[in-house]
Amino acid sequence: MAESWANLGIDLHLEPAGSSGLRRGLTDALRDAVRTGRLAPGTRLPSSRTLAADLGIARNTVAEGYADLVAEGWLTARQGSGTRVAERALPSAGTSGAAVRRRTPGRPAHSLVPGTPDLAAFPRTEWLRAARRALTRVPNDALGYGDPRGRPELRTAVAGYLARVRGVRTDPDSVLITAGFSHALRLLGTVLRGRGARTVAVESYGLHVHHDLLAGAGLTTTALPYGELGTETRGLGAESAVLLTPAHQFPMGTPLHPDRRAAVVDWARRTGGLILEDDYDGEFRYDRQPVGALQGLDPGHVVHLGTASKSLAPGLRLGWMVVPPALLAELTEAKGHADTVGVLDQLTLAEFIASGAYDRHVRAARQRYRRRRDQLAAAVAGRAPEVTVTGIAAGLHAVLRLPAGTEQAVVQAAHWQGLALHGLAFYRHRLAVAEPLDALVVGYGTPPDSTWPTVLEALCRVLP
C-alpha cells in the first residue's frame, strides 16, 4: 500500500504484512527520510492519531514506530512539544547512503548509567529560597577563606542529619565538608600514603575511578571476594584500609551481612586499620528498614563518607566525611592545601537541611524512584522472564541477571537503541577472583519522568 504524507512531501510505502511489517516499514521510511535530510532537524511530526488516520493503519502501530525511533535517537518526544526530528549532523553531499548505514550510532539519546539522579527533579524553587535566606543572613567574615573543615553551619546541619537518619555518632567538629566523594577519597589517599600505607582493599565490584584515585596517591588495591552475603571481609590481612559500600553494595545491591560487618570492625580494631564507608545512596530504602551506618559500631576506626550527588545533584560538588579523632588534624591540613567548596553553596545546603526542605525532597524522590523500580521489575518480568531483577530493596539502580554469555550482545544492542548502559563486567576489579556473572547495571533514577516510559520500552526490547 502506498500512501502520501502530503503536508511534508514524504512518500511512505508500506506493504500489508501485518502490524509488525507495517511498523517496520513505517520506521524504515521515517529513518530514511531523516537520514537523507528530507525531514529536517526540528520538524514536528503529525500526532500518532493523525498519521494513523492518514495511512489507514492502527494508531498503536504508529505510536510504537515513533517510540522505536525516539529510542534510537532519530526523533525526540517531549510533553507539550510533540514528536520532532532530533537535532543531528546530516551527511555531507559526498557521503554515500551505504557509508551512512555503516556508521555506528553517535552519542546515546538516553542514559541508564547509574550514578546520577533525575536532574530535572532538582528542587530549584526551594533551593533558591534557601540560597536567599542564607545570603541574607551570612556575616561578612564568612566570605573569607575560613575553616578548611567547612562552614560550621553546614557541619552542624550534617552532623545532626546523619545522627538522626543514618545512626552516625559524631559532632560538628569531626565533620569535614568536601567537594564530593572523589575529593574526599583523594584527601584520604594522601593522608594514608603519608602515614606509610601501601595497600587498600576494595570490593570485587565497584567504580574504577575510585581505584584510580587511590593509585594516584601511590596506593595499590586488592579485591575482596564477593558472595551472596556481600563482600567477604574475613580475609583482610596486612592492608592499611578497606573501602566498602556496606549499606547497599555498589553495584550488586546487597547489604553487608551482620557477621561480615562485625568481622571488618574486629579487623580494624585488631590491626589499627581504617574502614572507608561509602554511604553513597543512604537516603533511598524501599522494602526494608535502613541499614545503620557502619560508623556507629566504631567511630574511632571508620571514616563515614556521604554526598549530595544522589539526593540532589552531582553538579553541586557537595559532600562530607565524618573523621575519627586520630585523623582529623592530618585531613584538615591536607584539605587546607586543596580546592574546597564555595561558602554560599555550603550555607545554602545548611539552610536547606535545617528548614526541612531536604527531608521533604528526599521523601518525594523516594516515592518517585520506588515507582520506577516497580515499573522496571514488572516490565522485565513480563517481557523477559529469563532475566532476574536483583538488588532493588534500596538505591537508584538494579542489577538484571542475564542468561550466560549474553551480556556483551545486550550492551551492544542497547547502544544501537540509543541507550547508554553498562554491563556488570564494567565494574569488575581486574583482580577479582569470583566467577564472572552476566548482568546489566541499570540506573533507573537517571532518565527524567518525561522519557522514562520510552527508555524502559527500549530497554525491554534488547533483553534476551
For Arg59 and Ser48, which I'm curious about, is there any donor-acceptor pair between the side chains at under 3.5 Å? yes
Would a 4.5 Å heavy-atom cut-off, applied to side chains only, mark Tyr369 and Asp118 as touching? yes
Does one side chain, of Thr221 or His429, offer a donor that lies under 3.5 Å from an acceptor on the other? yes
From OG1 (Thr178) to CG (Leu318), nearest 0.5 Å: 8.5 Å
For His110 and Val70, the nearest pair of non-hydrogen atoms, with its separation, is NE2-O, 3.9 Å
With sequence neighbours excluded, what pairs up with Arg383 under the salt bridge (Lys or Arg N to Asp or Glu O under 4.0 Å) test? Glu457
Please evaluate residues Tyr444 and Leu456 with respect to the criterion side chain to side chain contact (heavy atoms under 4.5 Å, CB included), reporting the C-alpha separation (whole Å), side-chain torsions for both, the decisive distance (0.1 Å), and the verdict. CA-CA 9 Å; Tyr444 56 80; Leu456 181 56; over 6 Å; no
Please confirm whether the backbone N or O of Gly237 pairs with a side-chain atom of Trp267, one donor and one acceptor, at under 3.5 Å? yes
Just to verify, what does Asp298 make a salt bridge (Lys or Arg N to Asp or Glu O under 4.0 Å) with, not counting sequence neighbours? Arg269
Measure across Leu437 and Glu407 and return the closest heavy-atom pair with its distance rounded to 0.1 Å. O-OE1, 3.3 Å
Going through the checks in order, is the side chain to side chain contact (heavy atoms under 4.5 Å, CB included) test met by Tyr280 and Leu305? CA-CA 8 Å; Tyr280 68 98; Leu305 299 115; over 6 Å; no
Between Leu376 and Trp452, is any pair of side-chain heavy atoms under 4.5 Å apart? yes
So do Leu463 and Leu440 actually touch side chain to side chain, heavy atoms under 4.5 Å? yes
Could Arg31 and Asp68 be called an ion pair, given the rule that one side-chain N must be under 4.0 Å from one carboxylate O? no
Glu203 and Thr245 have their tightest heavy-atom pair at OE1-OG1, 2.9 Å
State, yes or no, whether a side-chain contact exists between Val202 and Val242 at a heavy-atom distance under 4.5 Å. no
Aromatic ring pairing His248/His397, orientation class (parallel under 30°, perpendicular over 60°, tilted between): tilted
Spell out, as yes or no, whether a donor-acceptor pair under 3.5 Å connects the side chain of Arg285 to the backbone of Ala394. no
Non-hydrogen side-chain atoms of Val322 and Arg166 separated by less than 4.5 Å: no
Closest heavy-atom contact between Tyr427 and Gly423? CD1-O, 3.7 Å
Does Leu69 reach the side chain of Thr83, with side-chain heavy atoms less than 4.5 Å apart? no
With a cut-off of 6.0 Å (strictly less than), are more than 12 heavy atoms of other residues, nucleotides or ligands near CZ of Arg49? no
Determine whether a donor-acceptor pair (N or O, by modelled atom type, separation under 3.5 Å) exists between the side chain of Thr27 and the backbone of Gly65. no
May I ask you to decide if the ring planes of Phe426 and His422 are parallel, tilted or perpendicular, using 30° and 60° as cut-offs? parallel
Quick check: does any side chain N or O of Arg401 sit under 3.5 Å from a backbone N or O of Thr388, one acting as donor and the other as acceptor? no
Is there a donor-acceptor pair under 3.5 Å between the side chain of Thr220 and the backbone N or O of Arg198? yes
Going through the distances and angles, do Arg261 and Val291 end up as a side chain to side chain contact (heavy atoms under 4.5 Å, CB included)? CA-CA 11 Å; Arg261 288 166 65 93; Val291 178; 3.4 Å; yes
Distance, nearest 0.5 Å, that separates CG of Leu243 from CD of Glu277: 10.5 Å
Report yes or no: does Thr390 contribute a side-chain atom to a donor-acceptor pair with the main-chain N or O of Val399 at less than 3.5 Å? yes
Tell me, yes or no, whether the heavy-atom count around Arg270 atom CZ, taken from other residues, nucleotides or ligands under 6.0 Å, exceeds 12. yes
Do Tyr358 and Glu283 get their side chains close enough for a donor-acceptor pair, meaning under 3.5 Å? yes
Any chance CD of Glu386 has more than 12 other-residue heavy atoms, nucleotides or ligands included, within less than 6.0 Å? no
Between Arg372 (side chain) and Pro447 (backbone), is there a donor-acceptor pair under 3.5 Å? yes
Could you walk me through whether Val462 and Trp416 pass the side chain to side chain contact (heavy atoms under 4.5 Å, CB included) test, one step at a time? CA-CA 9 Å; Val462 304; Trp416 283 98; over 6 Å; no
Worked check of salt bridge (charged side-chain N to carboxylate O under 4.0 Å, His left out) between Asp259 and Arg234: CA-CA 9 Å; Asp259 290 346; Arg234 290 172 294 186; over 6 Å; no
Which atom of Thr406 lies closest to which atom of Pro464, heavy atoms considered: OG1-CG, 4.2 Å
Evaluate the side-chain proximity of Pro324 to Val302: yes if any heavy-atom separation is below 4.5 Å, no if none is. no
Under 3.5 Å: donor-acceptor pair, side chain of Thr446, backbone of Thr116: yes
Decide yes or no for Leu119 and Pro314: does some side-chain heavy atom of the first lie under 4.5 Å from some side-chain heavy atom of the second? yes
Between CG on residue Leu244 and CG on residue Leu224, distance to nearest 0.5 Å: 7.0 Å
Heavy-atom pair of closest approach, residues Pro448 and Ala120: CB-CB, 4.0 Å
How are the rings of His210 and Phe181 set relative to one another: parallel (under 30°), tilted (30 to 60°) or perpendicular (over 60°)? tilted
To the nearest 0.5 Å, tell me how far Thr170 OG1 sits from Trp320 CH2. 13.0 Å
Output the distance between atom NE2 (His183) and atom CG (Leu188), rounded to the nearest 0.5 Å. 10.0 Å
CG/Asp266 to CZ/Arg260 distance, rounded to the nearest 0.5 angstrom? 14.5 Å
Applying salt bridge (charged side-chain N to carboxylate O under 4.0 Å, His left out), run through Arg371 and Asp374 and close with a yes or a no. CA-CA 5 Å; Arg371 284 195 299 270; Asp374 292 345; over 6 Å; no
Please tell me whether Thr454 and Thr451 have a donor and an acceptor in their side chains that are separated by less than 3.5 angstrom. no
Do Thr231 and Gln249 have side-chain N/O donor and acceptor atoms under 3.5 Å apart? no
